[in-house]
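Heads up: the structure comes next, in structure tokens.
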Amino acid sequence: QKEVEQDPGPLSVPEGAIVSLNCTYSNSAFQYFMWYRQYSRKGPELLMYTYSSGNKEDGRFTAQVDKSSKYISLFIRDSQPSDSATYLCAMSPGYSSASKIIFGSGTRLSIRP
Amino acid sequence: DVKVTQSSRYLVKRTGEKVFLECVQDMDHENMFWYRQDPGLGLRLIYFSYDVKMKEKGDIPEGYSVSREKKERFSLILESASTNQTSMYLCASSPIAGGSQETQYFGPGTRLLVL
């Protein structure tokens, strides 16, 4: 079983829809949770970052962490064609100077105009 | 803004060739990482370094080596390229861990094709 599971998609939704992207994980030591966005043929870029449980909002994006269920989500409101990308969840325990970040395999998202 | 640059966007090499991939970051980060990214497999860590001249194996180090002679530069070396090393290679850097620093910043990637 992978430490981090993420549905690869592809997920296709119409412009303006609310998008929900999710990851589950098995390691209860994870404390830091991140979402990266990766456009085609580019490197991943950090989108959202949260520590421990709770919600964090940034414009149209909301990251949610439920440590009791080992489940994290990224919500995108009023989705735009420019949101079409692969979204990778990532997490780490963050207790050492070079603690490894474990990435999900990514969900491909397409927003239809 | 953190900037991580990689020496090449696309590379085509022949089986058996020695390949050098270079990565430079301009934010004085302690940690640097090399990943490969393959469809369905996500990002897999090859090697990382948390200081100059220090290196640690990641999950898939076989067939690779690394060099970190200067803080800002981290090189990935394929000693004898093979076709199964055809992949997207991503370099990343991060500041020393702690608090809100626990994130990695990625370069644009090098797409390597080994024939």
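All values derive from a computational prediction rather than experimental measurement. Chain identifiers are assigned alphabetically (A, B, ...) following the order of the sequence lines, protein sequences preceding nucleic acid strands; residue numbering begins at 1 within each chain.
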[X] versus chain A, heavy atoms under 4.5 Å apart: side chain, backbone, both or neither?
{"X": "Arg9(B)", "answer": "side chain"}
{"X": "Tyr10(B)", "answer": "side chain"}
{"X": "Gln37(B)", "answer": "side chain"}

| message | Could you measure the distance from the CG atom of Leu11(A) to the OG1 atom of Thr86(A)? Nearest 0.5 Å is fine. | response | 11.0 Å
| query | Is atom NZ of Lys71(B) surrounded by more than 12 heavy atoms (other residues, nucleotides or ligands) closer than 6.0 Å? | reply | yes
Per-residue contact mode, [X] against chain B (heavy atom under 4.5 angstrom):
{"X": "Gln38(A)", "result": "side chain"}
{"X": "Pro44(A)", "result": "both"}
{"X": "Ile102(A)", "result": "neither"}

| message | Can you tell me which residue among Phe33(B), Tyr35(B), Tyr89(B) is in a side chain to side chain contact (heavy atoms under 4.5 Å, CB included) with Ile46(B)? | response | Tyr89(B)
| said: Could you check whether any side-chain N or O of Arg60(A) sits under 3.5 Å from a backbone N or O of Arg77(A), counting only pairs where one atom can act as donor and the other as acceptor? | reply: yes
| request: Tell me, with the steps shown, if Glu22(B) and Ser75(B) meet side chain to side chain donor-acceptor pair (under 3.5 Å). | output: CA-CA 4 Å; Glu22(B) 297 220 310; Ser75(B) 301; 3.3 Å; yes
